[in-house]
Amino acid sequence: MSEADTFGRMLDVLCPMHLILDQDGIIINAGPTTQKLFPEAPLAGQVFLDVFEIRRPRQITEFHDLADMAGNRLHVMYRTDPPRELKGILVPGPSKGQVTLNLSFGISVVEAVQEYELTARDFAVTDLTVEMLYLVEAKSAAMEASRQLNKRLQSAREEAEEQAVTDVLTGLKNRRAMDIDLARALAVREDVALMHIDLDYFKDVNDTLGHAAGDHVLQEVARVMREETRSTDTIARVGGDEFVVLMRSVRDELVPVHVAGRIIEKLMVPIMFEGQPCRVSASIGTVLSSEYARPSADQMLRDADEALYHSKHEGRGRHTLYSELSALSAVEAESGTG
Amino acid sequence: MHGLVNRAIQRFVTDCYGEAQWLAAVERADIGLTEFEAMLTYEDELTEQVLAAVSDVLDRPYEELLEDIGTYLVSHPNVEALRRLLRFSGVDFTDFLHSLDDLPDRARLAVSDLELPRIELKQHGAGFYRLSVQSRVPGAGHLFTGVLRAMADDYGALVFLEHQGNTNGSEVVAVSLLETEFAEGRGFDLGARAG
């Protein structure tokens with residue numbers, strides 16, 4: 001066996017993606033992996049520059065220019081569809097005038113192994129490509145498992161939020177909880193009062209002093225409402241600056257009128273935020289379940305809202321009982337017809 | 001124990017015996033959950049309780065159960081990804097055996113907090129090896145017996161495996177490699193990703 005043959009066989013094992021070119025630029029030996037890229041015909045015997053193209057560091061069309069590229073990092077294109085780019089390095093030898101070129105897929109190896117159905121045996125034992133492919137695959141699998149976990153956590157979170165009964169900012173209950181409590185009370189024919197409270201001038205506080213001031217005001221208002229109601233009552237924040245209080249075991253208007261009066265009075269005092277006074281007041285409308293033959297939650301909420309609207313209309317910072325309102329409209333109706 | 005390990009036990013039971021058997025097992029184990037998350041970590045006791053309960057519910061001896069799990073991990077199409085990752089370790093079964101020492105490190109490269117049993121392979125003559133497995137959960141040697149049996153099939157090698165009990169806190173599995181190319185084996189295409 002000639003020395004050149006021995007050298008070729010060594011390279012087949014050590015760097016199976018190599019080419020040896022003779023002094024005329026004709027391929028005389030192609031590594032088994034290089035050959036795998038060209039299943040149609042043997043590379044040996046073909047003119048290197050007919051099959052490959054050197055793109056960088058500069059375009060090379062003549063073989064004698066190629067020999068000058070020894071030791072440089074080369075970008076090698078080969079004419080397939082689509083054309084693929086390889087990395088390579090060239091050294092002179094083994095015989096005088098000959099050059100040896102070692103090639104690599106670079107980062108495109110992931111696609112290349114699929115396209116050419118390469119196996120571990122197509123890479124040198126010392127080449128870390130197979131380890132890299134292992135990592136790519138292992139990391140993708142781990143990533144997918146994490147993604148699945150995140151997805152499940154996300155939907156668990158959404159579900160928990162949906163089932164939540166508390167308003168995070170004020171610690172009061174939310175509309176959902178209010179609806180449940182009201183429905184339960186009405187179902188057992190308990191006498192209740194429903195108080196709808198809307199803050200006046202709250203938007204001004206938000207606009208002039210900012211949302212932090214607005215949040216502080218809401219928390220203070222919540223504190224006042226807690227102080228002025230009984231522990232058995234339900235207080236809910238049902239909108240940005242809207243609250244509903246459900247008072248249990250209320251047969252007449254005395255207690256709600258008293259409570260509403262105290263809330264309005266307390267909120268007359270400006271709430272301080274970072275040294276700035278925030279001025280709000282409360283408009284309230286109240287309805288009693290005892291006013292109805294068959295009280296329904298929807299009807300009571302609507303009527304409380306109407307009483308509240310009357311308070312707003314009459315100049316804010318006041319309380320209206322729905323019973324007064326209906327008495328009033330009855331009088332108006334009478335005087336209208338009479 | 002890492003969620004991946006617990007999840008593997010869960011998938012083994014549901015894939016091979018059905019969801020009902022799994023639910024019966026977790027109820028028997030009384031661990032307060034019905035499903036393991038692959039990417040969370042659980043107390044070691046949970047794993048042992050679940051394995052004991054599965055063994056009871058399926059009426060399979062503990063050692064056989066672990067060997068079945070090992071076989072399942074390599075051969076069931078639902079866990080093809082794992083077989084592929086194992087096949088990356090070696091081009092033939094001998095190569096694979098010699099790479100087993102690296103297995104815990106390979107696993108950690110993929111999932112940094114995944115701790116696999118410590119494995120050591122020693123050759124005792126041509127085609128005869130002893131594998132020591134050291135694990136926090138008893139029976140890991142039986143699990144590896146299942147894994148090796150299935151991997152031998154995968155590579156098309158003919159092996160004889162024998163669990164030889166415990167020595168100095170490690171379980172020992174004797175591996176006799178009778179023929180490396182006994183059957184065709186299953187192909188391994190580097191580029192084909194498991195779905």
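Keep in mind that what you see is a predicted model, and the values were worked out from it rather than measured. Hydrogens, waters and symmetry mates are skipped; everything else that's a heavy atom, side chains included, is used. Chain naming here is simple, since letters A, B, ... match the order of the sequence lines and numbering starts at 1 in each.
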Problem set entry | B:E63 side chain to B:H163 side chain, donor-acceptor N/O pair below 3.5 angstrom | no
For this session: Would you tell me whether B:S170 and B:N168 have side-chain atoms, one donor and one acceptor, within less than 3.5 Å of each other?
Result: no
Problem set entry | Toward chain B, the part of A:L135 with a non-hydrogen atom under 4.5 Å | side chain
Seminar exercise, completed: Most contact-rich option vs chain A, by heavy-atom pairs under 4.5 angstrom, among B:L85, B:L40, B:L114, B:V111, is B:L85
Exercise. Is a side-chain donor-acceptor pair under 3.5 Å present for A:D167 with A:T170?
Worked result: yes
For this session: Check each atom of B:R87 against the heavy atoms of chain A and say whether the ones under 4.5 Å are side chain, backbone, both or neither.
Result: neither
Problem set entry | A:R248/A:D233 ion pair, N-O < 4.0 Å | no
For this session: Against chain B, label A:E115 side chain, backbone, both or neither, depending on which of its atoms sit under 4.5 Å from a heavy atom there.
Result: neither
Problem set entry | Contact listing (chain B partner; residues 28-37 of chain A; heavy atom under 4.5 Å) | none
Exercise. Which word best sums up how the rings of A:Y116 and A:Y78 line up, parallel for under 30°, tilted for 30 to 60°, or perpendicular for over 60°?
Worked result: tilted
Exercise. Going by an N to O cut-off under 4.0 Å, is there a salt bridge joining A:E137 and A:K139?
Worked result: no
Exercise. For the residue pair A:G106 and A:K87, what are the closest heavy atoms and their distance?
Worked result: CA-CE, 4.0 Å
For this session: Quick one: sort the A:F52 and A:F48 rings into parallel, tilted or perpendicular, breaks at 30° and 60°.
Result: parallel
